[in-house]
2 protein chains.
Amino acid sequence: MSLSYSCIYGLRASVLLAGRQEDGFVTIREISNELEISFHFLTKVLQRLTNSDILESYKGPNGGVKLAKDASNITIREIIDCLEENFTIPECALGLPIFQNHEACPFHEDWRELKGKIEKAVDTLTLHELAERDKKIFISNR
Amino acid sequence: MSLSYSCIYGLRASVLLAGRQEDGFVTIREISNELEISFHFLTKVLQRLTNSDILESYKGPNGGVKLAKDASNITIREIIDCLEENFTIPECALGLPIFQNHEACPFHEDWRELKGKIEKAVDTLTLHELAERDKKIFISNR
DNA sequence: ATATATTAAGATAAAGTAGTCTTTAATCTT
DNA sequence: AAGATTAAAGACTACTTTATCTTAATATAT
């Protein structure tokens, strides 16, 4: 099951903020311009992250949003859990319900192994690490 | 990107029909009962398979639907292509757009390998083979 | 012919997601 | 105090998917 745009936008904005943590508050307008995301829609997404105390916001001139804690203490999992309801990596690759039975599936073992790796990455990779890879990693809007 | 319910229903119904090819026409009502799928919705799904000449239908008493050709000549791919617009297995596992860059992704190689296996299975597994495994394979509605 | 069975087709509804627009609240600058 | 800046909040639109309901078309059986 793939991620909603809300979640993708939230992840991308979070990584951007992680790369600019020393800048203090960054306006949502600036983020939306840089990532080419609808300003109003992004505002709603970031509101949710703010309400979950992942971001901190400030109104008025020089206001904006910033990470509420150090980027090295925020995992991808936290962002996803906030923006995606009941996110789980499916038992079967791609969510195909054809091969849910273990013996019948020609690639069940491969998938289980990979699924484990992905889960570990989601649980442990931090925004800091992602921001560090910033030039290598290209987080697109699908 | 996971499959739509339309596609899942279509796949399940097709496998059922493959297991009963000698029975001739099977009513949609019977299929919907057996698979616990909304009759009217299933009707619409099977209509599309009929229009694509994957199924053959017959109205009136003793009517119903059946596979238009031998189950061993119908691959999963055909069903999916009919019911799912532009089905492709994503470059990144789960469609997460975070790790689309090859070097940056911690499990890109594993996924590519598995993706290849899945694509091959989708392209080559036939309804006949699936029906044969019928008791082992459990195709659920997610 | 008439009644029945069955798929086909169309209209509508309900829910979720994505996106837009407007107003309000908070904060700063002057 | 007034005006400008910025996030927060709410209303609304558009689209897609899933689902339901009703009617039409076709075939059979008696």
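In the text below, chain A, chain B and the rest are named by the order of the sequence lines, each starting its count at 1. Computation of the quantities below employed the complete heavy-atom set of this structure, encompassing side-chain atoms and omitting hydrogens, waters and symmetry-equivalent molecules.
Within the nucleic acid shown, B:Tyr58 comes within 4.0 Å of sugar-phosphate atoms alone, with no base atom in reach, counting heavy atoms only. B:Ile28 comes within contact range of the sugar-phosphate backbone alone, with a heavy-atom separation under 4.0 Å but no base atom that close.
A straight line from NZ of A:Lys66 to C1' of D:dT6 spans 15 Å, rounded to a whole angstrom. The CZ atom of A:Phe41 sits 17 Å away from the P atom of D:dA9 (whole-angstrom rounding). Counting to the nearest Å, the C1' atom of D:dT17 and the CZ atom of B:Arg48 are 11 Å from each other. At whole-Å resolution of the value, CG in A:Leu83 and P in C:dT17 are 12 Å apart. To the nearest angstrom, C1' of C:dT12 lies 13 Å from NE2 of B:His40. Distance CG (B:Asn33) to C1' (C:dT6): 14 Å, rounded to an integer number of Å. For the pair B:Arg29 CZ and D:dC21 C1', the interatomic distance rounds to 12 Å; values are reported in whole Å. The separation between B:Leu42 atom CG and D:dT18 atom C1' is 13 Å, rounded to whole Å.
DNA chain D is contacted by both A:Leu46 and A:Gly60; A:Gly60 maps to the nucleotide lying nearer its 5′ end (nearest heavy atom per residue). Across the interface with DNA chain C, nearest-nucleotide mapping of A:Asn62 and A:Phe39 shows A:Phe39 to be the residue nearer the 5′ end.
For D:dA8, neither phosphate oxygen OP1 nor OP2 lies less than 4.0 angstrom from any side-chain nitrogen or oxygen of A:Asn51. Contact check, A:Ser6 against C:dA18: a side-chain N or O comes under 4.0 Å of OP1 or OP2. Between A:Gln47 and D:dA7 there is no side-chain N or O to OP1 or OP2 distance below 4.0 Å. Phosphate proximity of C:dG19 to A:Tyr9: present, with a side-chain N or O under 4.0 Å from OP1 or OP2. Distances shown here put every side-chain N or O of B:Thr27 at or beyond 4.0 Å from the OP1 or OP2 atom of C:dT6. Residue A:Ser38 places at least one side-chain N or O under 4.0 Å from the OP1 or OP2 atom of C:dT20.
In this structure a side-chain-to-backbone donor-acceptor pair under 3.5 Å is present from B:Glu84 to B:Ser4. The closest donor-acceptor contact from the side chain of A:Lys66 to the backbone of A:Leu55 lies at 3.5 Å or more, if one exists at all. Of the possible polar contacts, none joining the A:Glu113 side chain to the A:Asp110 backbone as a donor-acceptor pair under 3.5 Å is found. Side-chain atoms of B:Glu129 come within 3.5 Å of backbone atoms of B:Thr126 as a donor-acceptor pair (strictly under, hydrogens ignored).
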Please walk me through it: do A:Lys69 and A:Glu78 pass salt bridge (charged side-chain N to carboxylate O under 4.0 Å, His left out)? CA-CA 12 Å; A:Lys69 46 182 182 171; A:Glu78 286 178 69; 3.2 Å; yes
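For B:Lys59, the listed nucleotide lying nearest its side chain is D:dT26; candidates were C:dA25, D:dA19, D:dT26.
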